[in-house]
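Structure first, commentary second.
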Amino acid sequence: MFKQVPAAEALAGKYPEWLVFVTAANPDGPPNFMPAGWCMVCSSEPPMLAVALGHGRHTAALVQRTGEFAINFCGEGQHDLITRSGTVSGRDVNKLEVLRVATAPGKLGFAPLISGCARAFECKLRHVYPSGDHNIFVGEVVAAHIAEPAVSNLVNFGGWYSAATPATPRS
Ligand SMILES: Cc1cc2nc3c(=O)[nH]c(=O)nc-3n(C[C@H](O)[C@H](O)[C@H](O)COP(=O)(O)O)c2cc1C
């Protein structure tokens, strides 16, 4: 049996979900990043990832402008960084600097990779699809990275967070 409820009420209970940091270069200033939960794999060959970014996001504007971004899967212990980086905009502050985020350049050297993440994917923007108050950005993965030593993925249970996977896969 089901009870009909507003969509927002049903969606509020859909957790857990993976969280990623989307990073983007900025031709006129510091690179930026934001946490996003609405991210998925959308092709295996070529490997592609899609992420829904709200219209007002500074990160979305940078991805549109540069045609490049990186998806960094959040790692265990990054819950504080998720909260803090998801409540301010890079339009107003240099988040990487203010939040003292360590980064690595990646292979292609455009969007930075965020230290402490479990895995990271450098992407070239291939499509942008309108989706209500968000746009879906589809990127082709041009370089993939995993943390060394391994880091457990983090999952969001709707405001509280947990390590989701063993640091190393079962053999
Ligand atoms: C746990 C969490 C998940 C979020 N998921 C998304 C998302 O999937 N898409 C989105 O556009 N914003 C999402 N946000 C909101 C953005 O991260 C937030 O608006 C951020 O400040 C935007 O930063 P920017 O303006 O520097 O790009 C999320 C925030 C949090 C805390």
Side-chain angles (χ1 to χ4, degrees), residues 7-43 48-103 106 110-139 141 151-165:
E9 183 181 331
L11 288 169
K14 79 170 186 66
Y15 296 94
E17 72 184 8
W18 305 109
L19 281 173
V20 302
F21 289 123
V22 183
T23 53
N26 181 355
D28 298 327
N32 192 48
F33 77 108
M34 59 164 268
W38 298 351
C39 177
M40 69 173 185
V41 180
C42 59
S43 170
M48 297 177 106
L49 291 167
V51 62
L53 301 180
H55 293 160
R57 312 291 187 240
H58 184 51
T59 310
L62 295 178
V63 173
Q64 279 275 20
R65 196 166 157 207
T66 60
E68 297 161 344
F69 60 101
I71 298 283
N72 304 256
F73 278 74
C74 296
E76 181 181 11
Q78 289 186 311
H79 46 275
D80 190 43
L81 184 60
I82 289 162
T83 306
R84 297 178 72 188
S85 64
T87 46
V88 289
S89 176
R91 207 171 267 118
D92 305 317
V93 292
N94 180 344
K95 281 193 260 187
L96 287 170
E97 188 178 88
V98 167
L99 299 175
R100 298 171 187 271
V101 180
T103 61
F110 42 81
L113 312 185
I114 295 192
S115 301
C117 286
R119 55 206 68 238
F121 300 88
E122 295 174 85
C123 298
K124 288 273 186 194
L125 182 64
R126 295 296 183 227
H127 311 283
V128 182
Y129 298 108
S131 179
D133 55 8
H134 283 55
N135 283 318
I136 298 172
F137 292 78
V138 177
V141 176
V151 170
S152 291
N153 289 318
L154 174 143
V155 280
N156 180 12
F157 283 87
W160 59 279
Y161 304 96
S162 172
T165 53

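Not measured: the values here are computed from a predicted model. Values below: every heavy atom of this structure, side chains too, minus hydrogens, waters and symmetry copies. Order of appearance sets the numbers: ligands from 1, and atoms from 1 within every ligand.
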Residue [X] vicinity, atoms of ligand 1 by number, heavy atom under 4.0 Å:
X	result
L53	11 (O)
H58	24 (P), 25 (O), 26 (O), 27 (O)
V88	20 (C), 21 (O), 23 (O)
N32	24 (P), 26 (O), 27 (O)
W38	8 (O)
G54	10 (C), 11 (O)
A52	7 (C), 8 (O), 9 (N), 10 (C), 11 (O)
S85	20 (C), 21 (O)

Testing the basics here: between [X] and [Y], what is the closest heavy-atom pair and its distance to 0.1 Å?
X	Y	result
I136	A50	CG2-CB, 3.9 Å
V155	F157	CG2-CE1, 3.4 Å
H58	G90	CD2-C, 3.4 Å

Does CZ in R84 sit with more than 12 non-hydrogen atoms of other residues, nucleotides or ligands closer than 6.0 Å?
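No.
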
I'd like to know whether ligand 1 has T83 as a neighbour, heavy-atom separation below 4.0 Å.
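Flag not set, T83 not near ligand 1.
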
Work out whether the distance between some heavy atom of R91 and some atom of ligand 1 is less than 4.0 Å.
no

When you measure from [atom] to every protein heavy atom, which one gives the shortest distance, and what is it?
atom	answer
atom 31 (C) of ligand 1	I82 O, 4.0 Å
atom 5 (N) of ligand 1	G37 N, 3.0 Å
atom 22 (C) of ligand 1	R57 CD, 3.6 Å
atom 2 (C) of ligand 1	L19 CD2, 4.2 Å
atom 27 (O) of ligand 1	T59 OG1, 2.6 Å
atom 23 (O) of ligand 1	K95 NZ, 3.0 Å

Do [X] and [Y] touch side chain to side chain, with heavy atoms closer than 4.5 Å?
X	Y	answer
H134	H55	no
W18	M40	no
L19	L154	yes
N26	R65	yes

Determine yes or no for a side-chain-to-main-chain donor-acceptor pair under 3.5 angstrom, with [X] supplying the side chain and [Y] the backbone.
X	Y	result
K95	M34	no
S152	A163	no
N72	I114	yes

Pick whichever of G159, P35, G86 has a heavy atom sitting closest to atom 14 (N) of ligand 1.
P35

Check the angle between the aromatic planes of F21 and F33 and answer parallel, tilted or perpendicular using the 30° and 60° thresholds.
perpendicular

Given V41, L113, V22, the one that forms side-chain contact (heavy atoms from CB on, under 4.5 Å) with I71
V22

Short N/O distance, under 3.5 Å, between [X] and ligand 1?
X	answer
A60	no
N156	no
S89	yes
M34	no

